[in-house]
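First the proteins, then the strands, lettered A, B, ... as listed; each starts at 1. Both backbone and side-chain heavy atoms feed into the values below; hydrogens, waters and symmetry mates do not. Keep in mind that what you see is a predicted model, and the values were worked out from it rather than measured.
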Number of protein chains: 2
Amino acid sequence: MVKPSDTRTRIQAVARELFLEQGVQNTSLKQISDRLGITKPALYYHFDSRDDLVRSIIQPLMDDLEAFVAGREPGDVRRLLEDYFDLIWRHREVIVAVLHTPAVLVELNLMDRMWEWRKRLTTLLLGPTPTTVAQIHATVALGGMSDCVVEHAILPFEEVKAAAVEAALTVLAI
Amino acid sequence: MVKPSDTRTRIQAVARELFLEQGVQNTSLKQISDRLGITKPALYYHFDSRDDLVRSIIQPLMDDLEAFVAGREPGDVRRLLEDYFDLIWRHREVIVAVLHTPAVLVELNLMDRMWEWRKRLTTLLLGPTPTTVAQIHATVALGGMSDCVVEHAILPFEEVKAAAVEAALTVLAI
DNA sequence: GTCTATACGAAGATAGAC
DNA sequence: GTCTATCTTCGTATAGAC
């Protein structure tokens with residue numbers, strides 16, 4: 001069990017905090033180091049660059065998403081929506097800070113991967129050749145769940161999950 | 001009919017373009033002036049500051065939203081969803097560039113107004129004392145429509161509108 | 001209205017001592 | 001691992017000539 005220098009973890013924690021408060025692009029390395037009580041250059045001992053730090057924070061979400069769409073076959077829509085909700089709820093802070101900020105995704109060249117995931121999710125839900133109308137419904141279902149995670153992050157998990165999944169399921173059943 | 005110096009309008013057009021391509025915060029005044037073939041200081045003849053320029057671009061959307069929630073009484077949910085869809089479709093470029101970028105809203109102190117609009121919209125749809133579950137459904141409906149405008153901006157207006165409104169309406173009817 | 005020139009600050013990043 | 005000091009680049013913004 002390698003212990004990743006405690007400071008590295010604390011830097012990431014503070015960065016996540018600030019990213020959530022004011023967005024990734026409005027957060028400077030100085031703000032991060034200040035809140036930690038260290039100096040800016042100290043950060044560079046733990047991360048190669050600012051991008052490196054940002055990426056390290058998004059990484060767990062990306063890994064989870066990747067695993068989700070990779071290890072799954074079509075069928076049981078309800079189950080898929082439930083598991084997907086669990087995933088985005090778990091990562092809701094990063095989603096608020098980063099995923100809902102297209103500019104950051106552009107900056108880090110992640111737009112293509114995001115589209116790829118969306119496409120594969122839609123395929124899992126609708127099959128390989130969905131109609132346009134079905135795709136729009138899927139957007140409402142998936143996008144709506146995502147918005148719930150952002151907008152109702154303070155409510156109890158189970159309550160939001162139940163209502164959001166129910167709504168998504170209903171839309172997909174039209 | 002006052003003609004707002006042609007250049008001012010062209011600056012806004014180019015700024016909108018760049019904001020859409022790469023986000024508000026990644027766009028510098030130099031990039032804007034370069035693409036226009038003028039120099040940076042020339043922009044300051046037409047706008048007091050960078051914020052002034054950004055605000056002037058968001059203004060039409062804000063005015064439309066304000067008028068929408070102000071001049072309307074509850075009832076006829078389908079009609080309300082249709083009109084709301086028309087509005088966000090009309091302003092989809094600005095929505096992609098700005099509204100989906102919380103950091104910009106924070107920077108311009110617009111978060112409160114956004115929340116206020118969302119709340120009034122929800123009240124129009126659900127009445128003054130909605131249950132939590134109903135609120136979550138409304139988030140899926142409204143958020144989902146908004147996502148459609150962003151994600152399917154290239155499809156024909158009527159097709160997206162019909163399917164998105166249908167989906168939203170169905171969710172609200174649960 | 002638009003230019004050149006420049007002030008000013010803040011950002012990311014590096015060098016080298018401790 | 002963290003510091004001080006510094007480099008470099010780029011951002012917004014202003015002064016003043018044309």
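For the side chain to side chain contact (heavy atoms under 4.5 Å, CB included) test, no residue two or more places apart in sequence or in another chain qualifies with T123(B). Remark: E17(B) pairs with R35(B) by the salt bridge (Lys or Arg N to Asp or Glu O under 4.0 Å) rule, at least two apart or across chains.
For the segment residues 41-48 of chain B, the set of residues with a heavy atom within less than 4.0 Å of an atom of DNA chain C comprises P41(B), A42(B), Y45(B), H46(B), in numerical order.
Taking the nucleotide of DNA chain C with the nearest heavy atom to each of G37(B) and D51(A), the more 5' of the two is matched to G37(B).
As a whole-Å value, the separation of L53(B) CG from dG11(D) C1' is 15 Å. Atom P of nucleotide dC10(D) and atom CD1 of I32(B) are separated by 17 Å, given to the nearest angstrom. Remark: P of dC10(D) and CG of N26(B) are 14 Å apart, rounded to the nearest angstrom. Summarising the geometry, the separation between CZ on R50(A) and P on dT8(D) is reported as 22 Å, rounded to the nearest angstrom. With rounding to whole Å, L36(B) atom CG is found 15 Å from dG1(C) atom P. The CD1 atom of I38(A) sits 12 Å away from the P atom of dT4(D) (whole-angstrom rounding). Nucleotide dG11(D) holds its P atom 15 Å from the CD atom of E107(B), rounded to whole Å. For the pair K30(A) NZ and dT14(C) C1', the computed distance is 18 Å after rounding to whole Å.
The closest side-chain heavy-atom distance from E66(A) to R113(A) is below 4.5 Å.
Side-chain N/O atoms of T101(A) and Q25(A) include no donor and acceptor closer than 3.5 Å. There is no side-chain donor-acceptor pair under 3.5 Å between E151(B) and Q135(A).
One finds no side-chain N or O of T7(B) lying less than 4.0 angstrom from the OP1 or OP2 phosphate oxygen of dG1(C). For dC3(C), the OP1/OP2 oxygens have a side-chain nitrogen or oxygen of T39(B) closer than 4.0 Å.
For the pair R92(B) and W89(B), the cation-pi criterion (under 6.0 Å, within 45° of the ring axis) is fulfilled. Relative to the six-membered ring of W117(B), R120(B) misses at least one condition, a distance below 6.0 Å or an angle of at most 45° to the axis.
Taking only distance into account, the side chain of K40(A) meets the base of dG12(C) through a donor-acceptor pair shorter than 3.5 Å.
When distances are taken from the side chain of L29(A) to each of dT12(D), dA13(C), dC3(D), the shortest belongs to dA13(C).
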